[in-house]
Amino acid sequence: MRRLWRLMLYARPYAIYSLLSVLMMAVVGALSAFRLLLISPIFDKVLNPDAPPGLVLLFHVPHSDRTVNLQRFVPSYFHNAWTVVAVALVGSALIKSLCDYGGTYLVNKAGFGMITDLRNDLYNAVLRRSVAFFQKNPTGIILSTLINDIERVQAALSSVLGDFLQQSFTLVFTVGAVVLVGGKLAWILLLFVPVVVSSTRRIGRSVRQTTRRGQDKLAEIQNILHETITGNGIVKAFGMELWEMQRFRRAADRLLSANMRFIRVQAISSPLMDWLGSVVIALLLYLGRIRIQRGYMTMGEFVSFLLMVVALYDPVRKFAGFYNSFQQALGASEEIFRFMDAQDDVREKKRAVHLKGFSDEIHFDQVGFGYEDGGETVQVLHEINLIVKRGEMIALVGPSGAGKSSLVNLIPRFFDVNEGAVKLDGHDLRDVTIESLRKQIGKVTQETVLFNDTVRNNIAYGQPDVPLKRVEEAAKMALAHDFILRMPDGYNTKIGEKGVRLSGGERQRLAIARAILKNAPILILDEATSALDAESESFVQLALQNLMQGRTVFVIAHRLSTVRRATRIVVLDRGRIVEQGTHDELLAHSGTYKRLYDLQFASDGPEAAGADPDAVEGLS
Ligand SMILES: Nc1ncnc2c1ncn2[C@@H]1O[C@H](COP(=O)(O)OP(=O)(O)OP(=O)(O)O)[C@@H](O)[C@H]1O
């Protein structure tokens, strides 16, 4: 109920459209019933050659002698039965069509408006969620909520809502007309109401269940598609095309059988209602014949009554569908609101300080940190004490899983510490605004994220107004200018999805140019271990050196050359700082670093250790 209320709050800005559309739909419903009432005079007056001229009776007012004649609704200069009925028929059709169009348009305007606001709010909320949120919720699920769940709410709020309003009013007015025309005969219909309602409900429930199953199977297919299209290279490399095709076929077969189960349940409703309708009509014919013989009803009234009964079927049948759609929309909105309300682990304080810059030091003070896992916190960093002065270059080394990435992720507050504090120039990071903190930090990771946009916009990401000259300067420092100029449109060349038209080294250099342009005083580097060829690697190394100049750098180091260049090497093991010092100091110490060096770096060879920048500069 709360969810429904919350969804309805989105309708507030569109209240006037909704109200107008309800009014118009009411007119449509009333005119549908009115047109059915016309059937009786058509038979009794227009088509009956023996009918006396005069007033055209529409219906008797129950429990009184009064009658309502068609002439009431038609200008007085139309006299004979045909003209009166024809004018009523054409006039009502015209008004009904206009109201139908207007009502449908307005209800959709309100529905689409609401859904646009809801989608914007959801996207806004999702984008602002903390890193932990994206780790907890798989991309596929987030995408599915943003697309499929919104789609389901949209369907319910636009076309289904319009149809629902129209059919509801049609039902109400037609029931009224059935009672007016049918009199006692109408009460017989009450006998069938429980049968119709219970069978539609039962069919509705089965339809809902089978729909859900179908959607699950569809999600399975989407998942396979997502995995195999994004991981296309791996599928090819391992020659798994046939296997994946079979996996896809099996999932497609499961979807097919779920769909067929849905059809079996859904297709039963129409023939069942047809049959039930025939039983009702047969019974009504019997009773109607008696009433006509006794003069309680005219032939026209009876035919009109029968057609009204038949007309009742459509709204009743559709109600099961509406119920399903609204249920599905409510279910989908639950997921939407869950994402919107997700409590962020990393929150900004009300009176957070705006950081103006970085001038002195970053201090990890007795820091402890852990990831939430099923309600429990698994501690991965313990008692980290580290002071990094402005301008220092810290190389973080340690075995896989030691906590290097976790440590650097604390600096931009991707996660919050659960013991101690990380301080920047004396400010606890939890006391400063997230925006001003992240402005101080540039990041280049192994996995380069490029957007499907021009080279220029990719470098100037987050700073759309930066002049081209500055973009070019950044690209030059990142040793990217030359290869950008060789591209078909230079800086205006569009990069394909995920930058596939660029080599690994080129992608990295664009990311470096982006970081250079951002010009943040603190830099976090997660060094690429990916096998770049020697030439690309030299370029990337040089570009990185340009980027690091004059900044405070935390680098998760995989290369000996980087490690040697660092002002300090911090060795992490199982979440603790076990050693720190320069390369030579640590080697002399014969501890974890020495062991790692022997295992990981020694094979890099003396050239890697030296990596003379001048040696490759000439290549650019
Ligand atoms: N999002 C997460 N949720 C739960 N545990 C995590 C998460 N990320 C990392 N861990 C765990 O935290 C520990 C430290 O991981 P971290 O990625 O910081 O290590 P690392 O030293 O950077 O390793 P590598 O060099 O392999 O990248 C590991 O045991 C890892 O399994």
Side-chain angles (χ1 to χ4, degrees), residues 126 128-142 339 342-347 362 364 366-386 388 393-420 422 429 441 443-449 504 508 511 522-532 544 553-563 566 568-580 586 591-604:
V126 165
R128 284 167 193 278
R129 288 284 88 96
S130 61
V131 175
F133 172 85
F134 291 95
Q135 291 186 342
K136 266 182 227 150
N137 297 288
T139 317
I141 302 286
I142 300 177
F339 276 1
Q343 279 289 346
D344 270 343
D345 312 315
V346 174
R347 264 171 281 172
I362 297 173
F364 288 79
Q366 273 298 104
V367 164
F369 168 70
Y371 293 101
E372 286 255 343
D373 197 2
E376 275 182 38
T377 306
V378 184
Q379 233 22 41
V380 296
L381 291 177
H382 313 267
E383 295 168 21
I384 303 286
N385 286 300
L386 180 67
V388 180
M393 174 184 169
I394 300 291
L396 292 162
V397 298
S400 178
K404 304 178 293 286
S405 305
S406 306
L407 184 78
V408 293
N409 279 342
L410 296 177
I411 306 170
R413 260 194 100 191
F414 285 168
F415 299 92
D416 270 343
V417 299
N418 55 20
E419 284 166 20
V422 183
L429 295 188
I441 302 165
K443 196 172 180 205
V444 178
T445 56
Q446 299 182 27
E447 198 189 314
T448 316
V449 179
Q508 283 199 347
I522 302 165
L523 183 67
I524 296 172
L525 286 181
D526 196 345
E527 258 192 348
T529 45
S530 53
L532 294 178
L544 280 174
V553 184
F554 291 82
V555 48
I556 297 179
H558 294 285
R559 298 189 187 97
L560 183 56
S561 55
T562 315
V563 174
R568 198 164 14 138
I569 301 161
V570 172
V571 186
L572 279 175
D573 197 2
R574 276 174 264 166
R576 288 177 198 278
I577 296 180
V578 287
E579 288 169 60
Q580 48 180 308
L586 291 176
T592 309
Y593 181 76
K594 170 83 169 69
R595 192 163 45 81
L596 274 173
Y597 173 82
D598 291 340
L599 269 174
Q600 188 180 337
F601 299 132
S603 59
D604 284 5

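Only heavy atoms go into these numbers, but all of them, side chains included; no hydrogens, no water, no symmetry mates. Note that ligands are numbered from 1 as they come in the structure, with each ligand's atoms numbered from 1 the same way.
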**Report entry** Reported CG-to-CZ distance for the pair Leu407 and Phe554, which is rounded to 0.5 angstrom
**Finding:**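 Answer rounded to 0.5 Å: 7.5 Å.
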**Report entry** Distance (rounded to the nearest 0.5 Å) between Gln135 CD and Glu372 CD
**Finding:**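 It is 12.5 Å, given to the nearest 0.5 Å.
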Requested in this report: Measure up the Phe415 and Phe369 rings against each other and bin them: parallel (under 30°), tilted (30 to 60°), perpendicular (over 60°).
Outcome: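 Ring orientation, 0 to 90° scale: tilted.
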Among [options], which one has a heavy atom closest to [atom]?
atom                    : options                        : answer
atom 21 (O) of ligand 1 : Gly575, Gly403, Ser406, Gly370 : Gly403
atom 23 (O) of ligand 1 : Ser405, Ala402, Gly401         : Gly401
atom 11 (C) of ligand 1 : Tyr371, Phe134, Phe369         : Tyr371
atom 13 (C) of ligand 1 : Val380, Ile556, Val378         : Val380

Requested in this report: Looking only at distances, please establish whether an N/O atom of ligand 1 is found under 3.5 Å from an N/O atom of Ser400.
Outcome: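 So ligand 1 has an N or O lying under 3.5 Å from an N or O of Ser400.
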Query raised in the report: Got the closest protein heavy atom to atom 1 (N) of ligand 1, with its distance?
Result: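 Residue, atom and distance for the closest contact: Gln135 OE1, 2.5 Å.
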Query raised in the report: Distance-only, no hydrogens or angles: does the Lys404 side chain make a donor-acceptor pair with backbone N or O of Gly398 under 3.5 Å?
Result: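 Flag set: sc Lys404 to bb Gly398 pair under 3.5 Å.
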Query raised in the report: Does Gln580 use its side chain to pair, donor to acceptor, with the backbone of Arg568 at less than 3.5 Å?
Result: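 Checked: no pair found.
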Query raised in the report: Ion pair present between Arg413 and Asp416, side-chain N to carboxylate O less than 4.0 angstrom?
Result: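 Salt bridge flag = yes for Asp416 with Arg413.
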Query raised in the report: Taking non-hydrogen atoms only, is Lys404 closer than 4.0 angstrom to ligand 1 via side chain, backbone, both or neither?
Result: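 Lys404 to ligand 1: contacts from backbone and side chain alike.
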Query raised in the report: Would you say atom 31 (O) of ligand 1 has a protein heavy atom nearer than 4.0 Å?
Result: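 Under the 4.0 Å cut-off, atom 31 (O) of ligand 1 has no protein heavy-atom neighbours at all.
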